[in-house]
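Remember, predicted model here, so these are calculated numbers, not experimental data.
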There are 2 protein chains.
Amino acid sequence: MDSNSKKAIRNIEDEDYIPNLSYDSVIFGFNGEQLKILILEYHNTGLFALPGGFVKRHESLDDAVKRGVLERTGLDKIYFEQFHTFGSLTRSDSDVMKRILLGNSFDLDTNKWMLDRFISVAYYALINYDKVTLKPDLLSDSINWYAIDELPPLMMDHEKMVDKALNVLRNNIEKKLVGMNLLPSKFTMKQLQQVYEAILGENLRRTTFQRRILGMNILERHEKLYQGKAHKAPYLYSFK
Amino acid sequence: MDSNSKKAIRNIEDEDYIPNLSYDSVIFGFNGEQLKILILEYHNTGLFALPGGFVKRHESLDDAVKRGVLERTGLDKIYFEQFHTFGSLTRSDSDVMKRILLGNSFDLDTNKWMLDRFISVAYYALINYDKVTLKPDLLSDSINWYAIDELPPLMMDHEKMVDKALNVLRNNIEKKLVGMNLLPSKFTMKQLQQVYEAILGENLRRTTFQRRILGMNILERHEKLYQGKAHKAPYLYSFK
DNA sequence: TTTTATTGTAACAAAATGAGACAATAAGAT
DNA sequence: ATCTTATTGTCTCATTTTGTTACAATAAAA
């Protein structure tokens, strides 16, 4: 409890954080065609991972995640929701953590708390693809969008997390109007349908979809969008 | 990290557990009429709470919960599922924990780790009401069934946990065949409907319910159940 | 044998969804 | 200007699902 008086420059101080607890985030965006998520790559390791982090002693779990998303995307008003806490004994891998620490020239001894077992609370977030300014964190080289069916191999149990996040998203799409957070404030019916299709992973019938969504009475119709294409222009909609 | 060499008899050793992490469980049972949950009362405090506990360093989160349910109900094959992790700054209340420790004649100093902030992973469990042998834990006087609409005031954020558990249960009832875990292996259609009604908190139409459930093709029909009543005897069913 | 309460299922109505069809465009091609 | 093309908004009719009512088939009591 009272060790670590000398602090290297590149260190994360364990005293500030709740031990053995982390979060990971599956951050979804939609580029108009595909559903994508943010994946980062740790320095000098070839390891790909979900953006994650630790919870400060004087910070709520939700705030820790908000902070992490803000730091990496520049967005501070996002939709996010916890979906599962991963607590198996086998999920933590101290060898992987060693590689990450060494790849960042972190001192193994000072940072040995990071080699310990971690229980991780996983969140998904839905953000506006176009408004993001990506910024790698201290430990990583890059952070980038990857289409959900073209992900690199992810470390530890992060692929399981993505799978579960997608499942939860699919179940929530009807109940929680998930689409609204992945689109700009005004959008066409086609765009909305594409979000639904990307999430559900299946094609939907255009006429039925349109009728069903309009029947929900959740959309407001605005002006038409002239795209310069040789066909009828679609209306723009926003959520009420 | 190396204190606590002297151990009082009535102590929970902090070194065995992951710090700042706990679980709480909303354990549902169905008595044939009402949906009930298990609530315990801490010694000499008048405090009512959900059964909870800590996670050992060498134990998965799920196993910790299984252990807790087993110790209190005697059941080891139960259906349970995590539904939310509560991590706000305000949820932990050291005054409440002090009352509990003092009510149990625990030493405040040796057990001060329990006064710290805790992030709690909440689970719900569905168990067979009739097969339970209730047993209070070390810290509590009693553990008892309470109908969900007749709960005593619960400490800290435990009422929020119950609300959320019920919501999740309502959403899962269609997808996960929740009913099967609250009933004996053979049951009548009426019993199944009563479970649904208790969970959803609304009355269902008998004929529609029967047709819909039978249409799912998940039930196997067995012999009739003669209840000694002056009317047609219902069939018994089990899940396939 | 009649009465009573409940069960299983059928029958029809109403609502939701599936599947096409088609007229109404924007803008490019002629 | 007119014709062509791709897409949109809406309508129609078929199919499926759900709501509602009705009714015959019991177990056991009266």
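Under the rule for a salt bridge (Lys or Arg N to Asp or Glu O under 4.0 Å), A:Asp163 has no partner lying at least two apart in sequence or in another chain. Not a single side chain to side chain donor-acceptor pair (under 3.5 Å) links B:Ser142 to another residue, sequence neighbours left out. Considering only residues two or more places apart in sequence or on other chains, A:Tyr146 meets the side chain to side chain contact (heavy atoms under 4.5 Å, CB included) condition with A:Ile39, A:Phe48, A:Asn144, A:Leu151, A:Pro152. With sequence neighbours excluded, the residues forming a salt bridge (Lys or Arg N to Asp or Glu O under 4.0 Å) with B:Lys186 are B:Glu223, listed by chain and number.
Between the C1' atom of C:dG8 and the CD1 atom of B:Ile213 lies a distance of 15 Å, rounded to the nearest Å. If you take CG of B:Asn203 and C1' of D:dT20, they are 16 Å apart, rounded to a whole angstrom. Atom pair B:Leu225:CG and C:dT7:P shows a separation of 10 Å (rounding to whole Å applied).
Atom CG of B:Asp63 sits about 10.0 Å away from atom OG of A:Ser88, to the nearest 0.5 Å.
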What protein N or O atoms touch nucleotides 13-16 of chain C N or O atoms at under 3.5 angstrom, if any, and at what distances?
none

Considering only distance and modelled atom types, tabulate donor-acceptor pairs under 3.5 Å from the side chains of residues 198-215 of chain B, sequence neighbours left out.
residue, atom, partner, partner atom, Å
B:Arg212, NH1, B:Glu174, OE1, 3.1

Indicate every side-chain donor-acceptor pair of residues 226-233 of chain A with a distance under 3.5 Å to a residue at least two apart or in another chain.
none

Note to self: So if I define the base as every atom that isn't primed, P, OP1 or OP2, how would nucleotides 20-30 of chain C read as a B/S/- string at a heavy-atom cutoff under 4.0 Å?
What the structure shows: BB--BBBB---
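Between the side chain of A:Arg211 and the base of C:dG18, at least one donor-acceptor pair of N or O atoms lies under 3.5 Å. Put simply, the side chain of A:Arg212 and the base of C:dG18 share no donor and acceptor less than 3.5 Å apart.
For residues 124-146 of chain B, the set of pairs meeting the salt bridge (Lys or Arg N to Asp or Glu O under 4.0 Å) definition, not counting sequence neighbours, comprises B:Arg72-B:Asp137.
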